[in-house]
Every structure is written in C-alpha cells, then in structure tokens.
Amino acid sequence: AIGGIENHVLHLVSELKGMGHEPVVVTHRPSPVMARFAGQVESPVKVHRLPGGLIVFRDHDIAIDPRMVVSFGELLDRERFDIVHGQSEGSYLVYEALAAARRRRIPTVLTRHSILRNKPPIVRSLLISLTDLLLRRADGLVAVSQSCAEESARFPGPVRVIPNGVDTTEFRPDADERERVRQELGFNVADIVLGYVGRLHTT
C-alpha cells in the first residue's frame with residue numbers, strides 16, 4: 001500500500017542519496033488494488049520488486065510467498081550491500097530478509113514504526129511474538145518514538161529514537177497565510193485555534 005511507512009522510506013532514500021549513499025529499495029510487486037497508483041510515485045533510487053503472490057486483506061498487502069525470500073537471498077548474493085535495513089515490525093518478508101542478511105554476515109537494522117499495545121487484541125500477541133523474533137535478527141534498532149523504544153526494552157543491541165522528520169522548506173510558519181485563514185474562518189485575535197492533520201482509525 002502507499003501509507004506512512006512507504007512515505008518514510010521514500011523520503012529516507014531520497015535524503016540518503018543526496019548525502020552520497022546508494023540506497024536500494026527491495027519490496028514486493030504492487031497488489032492489484034494498488035497497481036494503478038504505483039506509477040504516481042517516482043522513486044529516486046533503484047527498486048527491486050520480488051516475484052510472488054500476495055494476500056490482500058482490507059488495506060494490507062501481506063507478503064508471505066516463499067519465492068520472495070528465495071529471490072531476496074539471490075539478490076544479496078549478487079549485490080554488495082553494506083547493510084540491510086528492515087522497515088516495519090509486522091512483515092514476514094522483513095523477518096526473512098534480516099535472517100538472510102545475518103546468515104551472510106551483513107549488518108542489519110530494524111525500524112519500528114508502530115505501538116503494538118494499541119493493536120486489536122486478536123492480532124496483538126501475534127505481532128508481539130513476531131517483533132520479538134525480528135529483534136533477534138537485528139544488530140541495531142531505530143524507534144520512531146519513545147513509546148516504540150520502550151516496547152523494545154528486551155532488545156540487547158543499541159536503540160536510537162529518531163522521530164519522523166518534517167520538511168521545513170515545505171511546511172513552515174507563514175504569518176500572512178495564518179492571519180488570512182483565521183479571518184476566513186471567522187476567528188478573532190484572542191481565539192486559540194488548533195489545526196490537525198491525520199486520520200481516524202477504528203479497531
């Protein structure tokens with residue numbers, strides 16, 4: 001799908017490339033639902049799409065096809081990667097990718113994006129177990145919040161909290177625009193106005 005983690009990866013590899021690194025994105029093919037949107041996103045780096053089928057459930061595309069794991073191992077054998085960075089703690093493909101990298105003595109890092117205690121009870125214990133297994137395959141851990149880091153207290157390696165960044169060249173205060181919008185919405189100078197951008201998600 002195209003969501004928070006996908007946008008995170010897009011901006012991360014763009015900045016890494018700008019710093020002189022050569023990041024490569026490895027993922028699966030788009031699900032049939034998302035295929036028509038995939039062309040709207042232009043990647044600044046090389047993208048390897050692994051062959052194999054997907055299970056599509058609601059807004060999730062679940063990659064559990066063993067052919068993807070075999071293809072990823074072959075990719076590791078062909079390319080000279082310095083590090084394998086797994087994104088998302090709820091992915092079988094990430095789990096297998098980190099394991100394949102460690103078998104080849106390639107350093108690994110995992111980024112945790114989600115707080116598992118807020119997940120529905122029916123999947124929470126499964127995700128916690130999967131995350132514990134993933135952590136055993138990572139040499140280092142990046143958490144996007146302190147809460148994510150606290151949920152990884154049993155991780156024996158180094159943990160770094162790196163909050164998701166904001167492009168301040170695009171998102172920045174604009175006093176004139178602020179005043180125009182306040183007047184347009186009927187607020188006076190004494191009113192306290194809060195703006196929120198996000199989504200409502202029910203479990």
Query raised in the report: Between the side chain of R104 and the main-chain N/O of A101, is any donor-acceptor distance below 3.5 Å?
Result: no
Report task. Hey, could you give me the CG/CG distance between D139 and L98, rounded to the nearest 0.5 Å? Result -> 9.0 Å
Query raised in the report: Could R182 and D191 be called an ion pair, given the rule that one side-chain N must be under 4.0 Å from one carboxylate O?
Result: no
Query raised in the report: So do the side chains of E22 and K46 get within less than 4.5 Å of each other, counting heavy atoms only?
Result: no
Report summary line: OG of S71 to CG of L76, rounded to nearest 0.5 Å, is 11.0 Å
Report task. Start with the C-alpha distance between E96 and M68, add both sets of side-chain angles, then the distance that settles side chain to side chain contact (heavy atoms under 4.5 Å, CB included), and finish with yes or no. Result -> CA-CA 9 Å; E96 292 291 354; M68 296 182 191; over 6 Å; no
Query raised in the report: Can you tell if the side chain of V9 reaches within under 4.5 Å of the side chain of V25, non-hydrogen atoms only?
Result: yes
Query - Non-hydrogen side-chain atoms of L10 and L12 separated by less than 4.5 Å - result: no
Query raised in the report: Can you find a heavy atom in the side chain of R78 that is under 4.5 Å from one in the side chain of L75?
Result: yes
**Report entry** Rounded distance [0.5 Å steps], CG in D174 versus CG in D176
**Finding:** 6.0 Å
Query raised in the report: With the 4.5 Å side-chain cut-off for hydrophobic clustering, are L93 and L134 part of the same group?
Result: yes
Query raised in the report: Just by modelled atom types, is the G4 backbone N or O under 3.5 Å from a matching donor or acceptor in the H8 side chain?
Result: no
**Report entry** Distance-only polar pair, side chains of R137 and T108, donor-acceptor under 3.5 Å
**Finding:** no
Query raised in the report: When you check the side-chain N and O atoms of H85 and Q87, is any donor under 3.5 Å from an acceptor?
Result: yes
Requested in this report: Decide yes or no for F187 and V181: does some side-chain heavy atom of the first lie under 4.5 Å from some side-chain heavy atom of the second?
Outcome: no
Query raised in the report: Taking atom CG of D82 as the centre, does the number of heavy atoms from other residues, nucleotides or ligands within less than 6.0 Å exceed 12?
Result: no
Query - Shortest non-hydrogen contact from D65 toward R67 - result: OD2-NH2, 2.7 Å
Query raised in the report: If Ile, Leu, Val, Met, Phe, Trp and Tyr residues are connected whenever their side-chain heavy atoms lie under 4.5 Å apart, and connections chain through other members, are V161 and F155 in the same group?
Result: no
Query raised in the report: Does L50 share a hydrophobic cluster with F81, counting links as ILVMFWY side-chain heavy atoms below 4.5 Å and allowing steps through other members?
Result: yes
Query raised in the report: Ion pair present between R117 and E151, side-chain N to carboxylate O less than 4.0 angstrom?
Result: yes
**Report entry** Joint hydrophobic cluster, V24 plus F72, side-chain heavy atoms closer than 4.5 Å
**Finding:** yes
Query raised in the report: When hydrophobic residues are tied together by side-chain contacts of less than 4.5 Å, even through go-betweens, does L135 share a cluster with V159?
Result: yes
Report summary line: Separation between CG (D132) and OG (S152), nearest 0.5 Å, reads 8.5 Å
Report task. For residues L110 and V142, determine if any side-chain heavy atom of one lies less than 4.5 Å from a side-chain heavy atom of the other. Result -> no
**Report entry** Student check: side-chain heavy atoms of L141 and R160 closer than 4.5 Å
**Finding:** no
**Report entry** C148 side chain reached by I115 side chain, heavy atoms, under 4.5 Å
**Finding:** yes
Requested in this report: Give the minimum heavy-atom separation between P51 and R29, together with the two atoms involved.
Outcome: CB-NH2, 3.6 Å
Requested in this report: State the CG-CD distance between N188 and Q183, to the nearest 0.5 angstrom.
Outcome: 10.5 Å
Query - Derivation of the side-chain hydrogen bond (donor to acceptor under 3.5 Å, both in side chains) call for H113 and S88 - result: CA-CA 6 Å; H113 292 267; S88 178; over 6 Å; no
Report task. Look only at the side chain of K17 and the backbone of V45, and say whether a donor-acceptor pair between them is shorter than 3.5 Å. Result -> no
Query raised in the report: What distance separates E15 CD from D167 CG, expressed to the nearest 0.5 Å?
Result: 7.5 Å
